[in-house]
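Below is one structure, written out as structure tokens; the observations come after it.
Values reported hereafter were calculated over all heavy atoms of this structure, with side chains retained and with hydrogens, waters and symmetry mates removed.
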There are 2 protein chains.
Amino acid sequence: MEETKIILERSDDEQCPIEKSLTIISAKWSFLIIRELLIDGTLRFGDLLKGLEGISPKTLSLRLRELEENKIITRTVYPEIPPKVEYSLTEKGKQLEGILLELKRFGLTLE
Amino acid sequence: MEETKIILERSDDEQCPIEKSLTIISAKWSFLIIRELLIDGTLRFGDLLKGLEGISPKTLSLRLRELEENKIITRTVYPEIPPKVEYSLTEKGKQLEGILLELKRFGLTLE
DNA sequence: CGGAATCCAAAGCGATACTG
DNA sequence: CAGTATCGCTTTGGATTCCG
């Protein structure tokens, strides 16, 4: 039962793991979307559009697609009229709560 | 001896703490600069310029100033000729190692 | 050596209008 | 309702040159 220790080292990957994580979290509006879903569980496109004041549907749509591609959220379509689409976090997505809390803790130490 | 629990909640600050942290860490090249300093301790401008392949002096200079403003690094000038300037992490800056490790751990779970 | 100044291309994103 | 399409501005940062 070996666990590989995670240490900090240089990585010449085109995409090192730290960078992958940051790319996902730090795109504009991304962590806010994730936070909404952590708090509310499941939300529709319109809910997010309304909850995140200032976001455009274009950007929201783009961010949601990226998060889905990275398995952070799931997208569920209900074949009704009018359409209904729900978004929620995957298990992997929920793991981001810890990171967001760390970022919050650190951010609070900045004047 | 009360400790305020850090919980995830909506924040309508122009700059919520999570966003502050992310702004610092996720600017292009920022976490790489921090990682270099975590590994090497103290580095000169030229060392960083050489170590971070692809960065331009303009961008490096900009990032260093931002990090200094946020008390993540210190800048020490030795009044010599030719000039010598050294950068290293503050105690606050060193605290970012934990966050970078979390980001790495998470990044490794992404395919 | 450690930057600052300039110029420019690319990306990012908001506003808005439109569609299945 | 849940997006997509288009347009144009703003920001970012790379390349390069120059300076104390």
So which one's nearest nucleotide on DNA chain C is more toward 5', B:R44 or A:T59?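 Checking each residue's closest nucleotide, the 5'-ward one belongs to B:R44.
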Is there side-chain contact between B:L110 and A:K92, with heavy atoms separated by less than 4.5 Å?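 Touching, per the 4.5 Å side-chain cut-off.
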Taking the side chain as C-beta and beyond, is there a heavy-atom pair between A:E97 and B:L8 under 4.5 Å?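 Yes, side chains in contact.
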List the atom of A:S21, the atom of B:G107, and the distance in Å for their closest heavy-atom pair.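 Looking at all heavy atoms of both residues, the shortest contact is OG-N, 3.0 Å.
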Do you know which two heavy atoms are closest between B:F45 and B:L60, and how far apart they sit?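 Minimum heavy-atom separation between B:F45 and B:L60: O-CD2, 3.7 Å.
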Tell me which donor-acceptor pairs under 3.5 Å the side chains of residues 24-37 of chain B have, and how far apart each pair is, sequence neighbours excluded?
| residue | atom | partner | partner atom | Å |
| --- | --- | --- | --- | --- |
| B:S26 | OG | B:L22 | O | 2.6 |
| B:S30 | OG | B:I24 | O | 3.3 |
| B:R35 | NH1 | A:E9 | O | 3.4 |
| B:E36 | OE1 | A:R10 | NE | 3.2 |
| B:E36 | OE1 | A:R10 | NH2 | 3.1 |
| B:E36 | OE2 | A:R10 | NE | 2.8 |

Interface residues of residues 26-34 of chain A with DNA chain C (non-hydrogen, below 4.0 angstrom):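 Residues of residues 26-34 of chain A that come under 4.0 Å of DNA chain C are, in numerical order, A:K28, A:W29.
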Would you sort out whether A:S61 and A:R65 count as a side-chain hydrogen bond (donor to acceptor under 3.5 Å, both in side chains), showing the intermediate values? CA-CA 6 Å; A:S61 170; A:R65 237 180 295 135; 3.3 Å; yes
Take atom CG of A:L48 and atom C1' of D:dC1, then tell me their distance rounded to the nearest Å.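 Atom CG in A:L48 sits about 13 Å away from atom C1' in D:dC1.
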Please report the distance, rounded to the nearest Å, between NZ in A:K50 and P in D:dC1.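 Result: 10 Å.
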If an axis is fit to five pairs at each end of the helix from C:dC1-D:dG20 to C:dG20-D:dC1, what is the angle between the two, to the nearest 10°?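 The end-segment axes of the helix from C:dC1-D:dG20 to C:dG20-D:dC1 are tilted 50° relative to each other.
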Donor-acceptor check, side chain of A:K94 to backbone of A:L89, threshold 3.5 angstrom: yes or no?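 Not a single qualifying donor-acceptor pair exists.
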Ignoring hydrogens and angles, tell me if any N or O in the side chain of A:N70 forms a donor-acceptor pair with the backbone of A:E66 under 3.5 Å.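 Flag set: sc A:N70 to bb A:E66 pair under 3.5 Å.
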Please check if atom NZ in A:K50 has more than 12 non-hydrogen atoms from other residues, nucleotides or ligands closer than 6.0 Å.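 No, because the 6.0 Å sphere around NZ of A:K50 holds 12 heavy atoms or fewer from other groups.
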Exceeds 12 heavy-atom contacts within 6.0 angstrom, atom NZ of B:K71: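 Open.
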Check for me, please, whether A:V77 and A:I72 land in the same ILVMFWY cluster - side-chain distances under 4.5 Å, paths through other members count.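 Yes; tracing contacts between hydrophobic side chains, which count when under 4.5 Å, links both residues.
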Pairs under 3.5 angstrom, nitrogen or oxygen only, protein versus nucleotides 3-7 of chain D, please.
| residue | atom | partner | partner atom | Å |
| --- | --- | --- | --- | --- |
| D:dG3 | OP1 | A:R75 | NE | 3.4 |
| D:dG3 | OP1 | A:R75 | NH2 | 2.6 |
| D:dG3 | OP2 | A:Y87 | OH | 2.5 |
| D:dT4 | OP2 | A:S61 | OG | 2.4 |
| D:dT4 | OP2 | A:R65 | NH2 | 3.1 |

From A:D47 atom CG to A:L52 atom CG, the distance as rounded to the nearest 0.5 Å: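 Going from the CG atom of A:D47 to the CG atom of A:L52 covers 10.0 Å.
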Hey, where on DNA chain C does chain A first and last touch, going 5' to 3'? Cut-off is any atom under 4.0 Å from a heavy atom.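 On DNA chain C, the outermost contacted nucleotides are C:dC13 to C:dG20.
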Got a sec, which pairs hit side-chain hydrogen bond (donor to acceptor under 3.5 Å, both in side chains) with one end in residues 74-90 of chain A, sequence neighbours left out?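 Qualifying pairs, neighbours excluded: A:T74-A:S88, A:R75-A:Y87, A:Y78-A:E86.
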